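Everything numeric here is computed off the predicted structure, so don't read it as measured data.
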Amino acid sequence: MSGRLRILVTAFGPFPGAPFNPTMPVVKRLTTLRRPAFDDVALTSHIFDVTYAAVDRELPELIARHRPQALLMFGLAGRTRYLRIESRARNAVTTRFPDAGRQHARKGSIAGGADAKLFGPHSEKLLRAALATGIDARMSRDAGSYLCNYLSWRAIEAVDGENELRLAQFIHVPPLAHDGTAAPGKSDVTLEALVDAGEAILMELVKLTRQALRA
């Protein structure tokens with residue numbers, strides 16, 4: 001393999017009920033890290049509006065423009081106190097709650113008759129990398145039925161498509177206070193802890209992507 005490894009890291013913007021989305025500062029910090037391990041890695045970032053239309057329009061555009069070989073996605077789980085490594089995307093979408101563009105999904109599934117889509121065995125290795133930093137991190141089989149799950153589904157589809165993308169992973173983070181401290185009554189996790197765990201995950205993803213490209 002020649003050339004720089006290309007990894008796209010994404011976050012979501014604010015949405016109804018969450019005027020502050022901590023994934024934005026997490027991704028900003030991760031993609032500006034200066035580490036020897038990232039010297040030959042091209043890290044790019046993107047913030048999705050929390051709408052189905054934005055995901056459908058922008059994900060293919062990002063893949064075509066940046067040609068990432070790995071995709072690391074972050075989203076907010078407002079009722080979770082720990083870091084969640086998602087193992088799969090469910091074939092489900094809520095029709096009850098609108099997206100940030102006030103649009104409702106018209107049906108409760110993403111694809112007719114399809115089963116859940118798995119990210120792959122690399123999810124367990126990324127979990128172990130996060131745990132090694134001391135953060136409370138756990139594997140999850142339920143990415144919900146909102147935009148995080150929807151993006152996860154579309155990302156796994158993209159891995160199976162005709163492009164250079166080899167690995168994708170979605171990670172849910174707990175709420176934070178605006179200043180990066182733990183959100184009182186909601187979580188003990190801080191921005192610094194999330195960045196440390198994210199860095200470990202990113203370094204492991206670099207290694208796993210290189211292995212996938214050699215295979």
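In this structure the side chain of Val93 never reaches within 4.5 angstrom of the side chain of Asn149, judged on heavy atoms. Side-chain contact between Phe74 and Met24: absent, with no pair of heavy atoms (C-beta onward) separated by less than 4.5 Å. Counting only heavy atoms from C-beta outward, the side chains of Leu71 and Ile7 never approach each other to under 4.5 Å. When side chains are defined from C-beta on, Phe38 counts as touching Leu202, because their heavy atoms get closer than 4.5 Å. Asp160 is not listed as a side-chain neighbour of Leu165, based on a closest heavy-atom distance of 4.5 Å or more. Between Arg35 and Glu199, some side-chain heavy-atom pair lies under the 4.5 Å cut-off. A heavy-atom distance below 4.5 Å is found between the side chains of Ile85 and Gln169. Proximity of Thr133 to Ile201: side-chain heavy atoms (C-beta onward) are nowhere separated by under 4.5 Å.
Note on Arg90 versus Asp142: salt bridge recorded, some NZ/NE/NH1/NH2 to OD/OE distance being below 4.0 Å. Residues Lys125 and Glu204 are not paired through a salt bridge, judged by the lack of any N-O separation under 4.0 Å between the basic side chain and the carboxylate. The existence of a salt bridge linking Arg29 and Glu192 is confirmed by a sub-4.0 Å separation between a basic side-chain nitrogen and an acidic carboxylate oxygen. Using a cut-off of 4.0 Å between Lys/Arg side-chain N and Asp/Glu carboxylate O, Arg138 and Asp136 are scored as salt-bridged.
A donor-acceptor contact under 3.5 angstrom links the side chains of Asp56 and Tyr150, judged on distance only. For the 3.5 Å distance criterion, the side chains of Ser140 and Glu86 qualify, holding a donor opposite an acceptor.
Distance alone, capped at 3.5 Å, is enough to place a donor-acceptor pair between the Asp99 side chain and the Tyr52 backbone. Of the possible donor and acceptor atoms, one in the side chain of Arg6 sits under 3.5 Å from a partner among the backbone N and O of Arg67. In this structure, Ser123 contributes its side chain and Phe119 its backbone to no donor-acceptor pair below 3.5 Å. Remark: side-chain polar atoms of Asn91 are not paired, donor with acceptor, to backbone N or O of Ala116 under 3.5 angstrom. Distance alone, capped at 3.5 Å, is enough to place a donor-acceptor pair between the Thr31 side chain and the Val27 backbone. For His172 (side chain) and Thr80 (main-chain N/O), no donor-acceptor pair under 3.5 Å exists by modelled atom type. At least one donor-acceptor pair under 3.5 Å links the side chain of Thr51 to the backbone N or O of Ala54.
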Starting from the C-alpha separation in whole Å, work towards a yes-or-no answer on side chain to side chain contact (heavy atoms under 4.5 Å, CB included) for Leu83 and Val189.
CA-CA 8 Å; Leu83 192 72; Val189 177; over 6 Å; no

Under the side chain to side chain contact (heavy atoms under 4.5 Å, CB included) criterion, do His104 and Thr95 qualify, and how do the steps go?
CA-CA 6 Å; His104 283 81; Thr95 58; 5.8 Å; no

Please assess Thr23 against Asn21 for the test side-chain hydrogen bond (donor to acceptor under 3.5 Å, both in side chains), listing each intermediate value before the final yes or no.
CA-CA 6 Å; Thr23 63; Asn21 194 324; 2.8 Å; yes

Go through the steps for Thr94 and Phe97 under the test side chain to side chain contact (heavy atoms under 4.5 Å, CB included), then give the verdict.
CA-CA 6 Å; Thr94 181; Phe97 304 109; 3.7 Å; yes

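Closest approach of Pro175 and Ser187 over heavy atoms only: O-CB, 4.0 Å. Residues Ala143 and Cys148 approach most closely at O-CB, 4.3 Å, considering heavy atoms. Contact detail for Gly13 and Val50: the closest heavy-atom pair is O-CG2, 3.3 Å. For the pair Trp153 and Ala111, the tightest heavy-atom approach, listed with the atom from each and the gap, is CZ2-CB, 3.9 Å.
Between the CG atom in Leu5 and the NZ atom in Lys207 there is a gap of 14.0 Å [rounded to 0.5 Å].
Remark: Arg141 CZ is loosely packed, at most 12 non-hydrogen atoms of other residues, nucleotides or ligands lying under 6.0 Å away.
The aromatic rings of Phe12 and Phe170 sit tilted relative to each other, their planes meeting at an angle between 30° and 60°.
Under the 4.5 Å side-chain contact rule for hydrophobic residues, Val173 and Leu151 do not share a cluster.
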